[in-house]
Amino acid sequence: MAGRLDGKVAVVTGAGKGIGRAAALALAGEGAAVVVTSRTESDLQALAQVIEMAGGRALVVAADVSRERDVERLKAAAHAAFGRVDILVNNAGVGKNGTVLTLTIEDFDWIMNTNFRSTFLCTKAFMPEMIEREAGNIIFVGSVAGMMGLPNEPIYCASKHAQKGFAESIDYECRPHNVKVSYIAPGGTNTNYGFYNGTRTPGDAMLEGFLTAEDVADAVIFAATQGPKSRVFLIGMRPMNEGLGTGSGDHFPSATS
């Protein structure tokens, strides 16, 4: 594979399914060597096989990126295989709908650790080398839920707002060193996100109008392939059957993994 990212090395978290898988395939399709990570190794091995059969390069590192030691192991494996990392896609994410009265402390820890602690740990691991080389991209796959408060998603919204605030802050650290930061905020996306948390039903006709994982992967590529004088910080995306506001009929549960 050769393309606009030929010679680059990308790390994609939450790469086993959904947007992460699509992003890894798209990055490989543009010539990048891809380090794919998630908790489920079988998903990653299947993905790596697809990439390698198409002529690309993929490294599988099964890890829980909310754990510091796993992130250290991920970094060591990426460096051993490829020597550096040029692109970090912080995509790992989970969600659960409910109210403050129904969601538990365990729900809070699970969502915040997966969505935001992983973002912090991975960024802290890979950002310093980008700053030292004065080149790189840090891309956050966020959500419309990081742009506004939404009903029945208090913890998920908090985690995605935390990601966006973090991205805005590190942009001040990165930009003077030619490292680009991007936050992608998709709305309703047709992945398995809503099936495991009970907010969607397979076969629901509404899902046919949602964004696809590949749509969001295209935004990842757009962010990663900007010219040397250009950077895109915020990419807001909505499906055609979803409005921009929070009124009745304007919002459907979003997906980031």
Side-chain angles (χ1 to χ4, degrees), residues 1 5-94 110-133 135-142 163 166 179 182 184 191-193 213 216-217 220-221 223-224 256-257:
M1 293 181 177
L5 297 173
D6 191 31
K8 300 292 186 181
V9 179
V11 169
V12 182
T13 71
K17 294 183 174 67
I19 293 170
R21 186 178 191 277
L25 288 169
L27 288 161
E30 289 290 347
V34 184
V35 182
V36 292
T37 186
S38 74
R39 296 184 179 101
T40 307
E41 185 169 2
S42 59
D43 291 339
L44 299 175
Q45 292 292 355
L47 170 60
Q49 184 176 16
V50 173
I51 291 171
E52 289 167 357
M53 286 180 65
R57 294 179 296 165
L59 174 68
V60 168
V61 183
D64 179 348
V65 289
S66 70
R67 296 179 178 177
E68 187 174 2
R69 287 185 180 179
D70 280 23
V71 173
E72 290 172 353
R73 181 167 53 83
L74 171 65
K75 179 180 179 180
H79 280 218
F82 300 117
R84 70 183 194 283
V85 170
D86 304 291
I87 302 164
L88 170 63
V89 182
N90 283 310
N91 169 75
V94 296
W110 175 57
I111 296 169
M112 292 299 293
N113 286 344
T114 304
N115 295 4
F116 183 60
R117 192 170 196 271
S118 70
T119 292
F120 173 77
L121 290 176
C122 290
T123 303
K124 188 172 178 61
F126 293 107
M127 190 176 88
E129 66 183 87
M130 296 181 187
I131 288 176
E132 184 177 354
R133 288 197 316 272
N137 291 80
I138 302 173
I139 300 170
F140 299 80
V141 179
Q163 274 190 319
F166 181 72
V179 176
S182 302
I184 301 171
T191 69
N192 66 338
Y193 167 87
V216 184
V220 171
I221 298 300
T256 61
S257 63

Which one of L27, L5, L59, L47 satisfies the side chain to side chain contact (heavy atoms under 4.5 Å, CB included) criterion with V34? L27

Tell me whether [X] contacts the main-chain N or O of [Y] through its side chain, where contact means a donor paired with an acceptor under 3.5 Å.
X: T13; Y: A92; answer: yes
X: Q45; Y: V60; answer: no
X: N91; Y: G14; answer: yes
X: T37; Y: V61; answer: yes

Residues, nucleotides or ligands: over 12 heavy atoms within 6.0 Å of E72 CD: yes

After noting the C-alpha distance and the side-chain angles of I138 and F126, does the key distance pass the side chain to side chain contact (heavy atoms under 4.5 Å, CB included) rule? CA-CA 9 Å; I138 302 173; F126 293 107; over 6 Å; no

Can S182 and N137 be counted as having a side-chain donor-acceptor contact under 3.5 angstrom? no

What residue pairs, at least two apart or across chains, pass salt bridge (charged side-chain N to carboxylate O under 4.0 Å, His left out) with a residue in residues 76-88? R84-D86, D86-R133

Could you give all pairs that pass the salt bridge (charged side-chain N to carboxylate O under 4.0 Å, His left out) test and reach residues 31-47, with sequence neighbours left out? K17-D43, R39-D64

Grab the two heavy atoms, one from [X] and one from [Y], that are nearest each other, plus how far apart they are.
X: N115; Y: Q163; result: O-NE2, 3.2 Å
X: A217; Y: A26; result: CB-CB, 4.1 Å
X: S38; Y: A15; result: CB-N, 4.0 Å
X: G136; Y: M130; result: CA-SD, 3.9 Å

Just say parallel, tilted or perpendicular for the rings of F166 and F116, cut-offs at 30° and 60°. perpendicular

To the nearest 0.5 Å, tell me how far [X] [atom1] sits from [Y] [atom2].
X: I51; Y: R21; atom1: CD1; atom2: CZ; answer: 8.0 Å
X: N90; Y: T123; atom1: CG; atom2: OG1; answer: 4.0 Å
X: K75; Y: E129; atom1: NZ; atom2: CD; answer: 6.0 Å
X: S118; Y: M112; atom1: OG; atom2: CE; answer: 10.5 Å

Got a sec, which residues hit ring-ring contact (aromatic ring centres under 6.0 Å, His included) with F82, two or more places apart in sequence or on another chain? none

Test V9 against I87 for side chain to side chain contact (heavy atoms under 4.5 Å, CB included), laying out the working first. CA-CA 6 Å; V9 179; I87 302 164; over 6 Å; no

Would you please test C122 and L88 for side chain to side chain contact (heavy atoms under 4.5 Å, CB included) and show each step? CA-CA 8 Å; C122 290; L88 170 63; 4.2 Å; yes

Decide side chain to side chain contact (heavy atoms under 4.5 Å, CB included) for D70 and V65; before the verdict, give the C-alpha distance in whole Å, the side-chain angles of both, and the deciding distance to 0.1 Å. CA-CA 6 Å; D70 280 23; V65 289; 5.9 Å; no

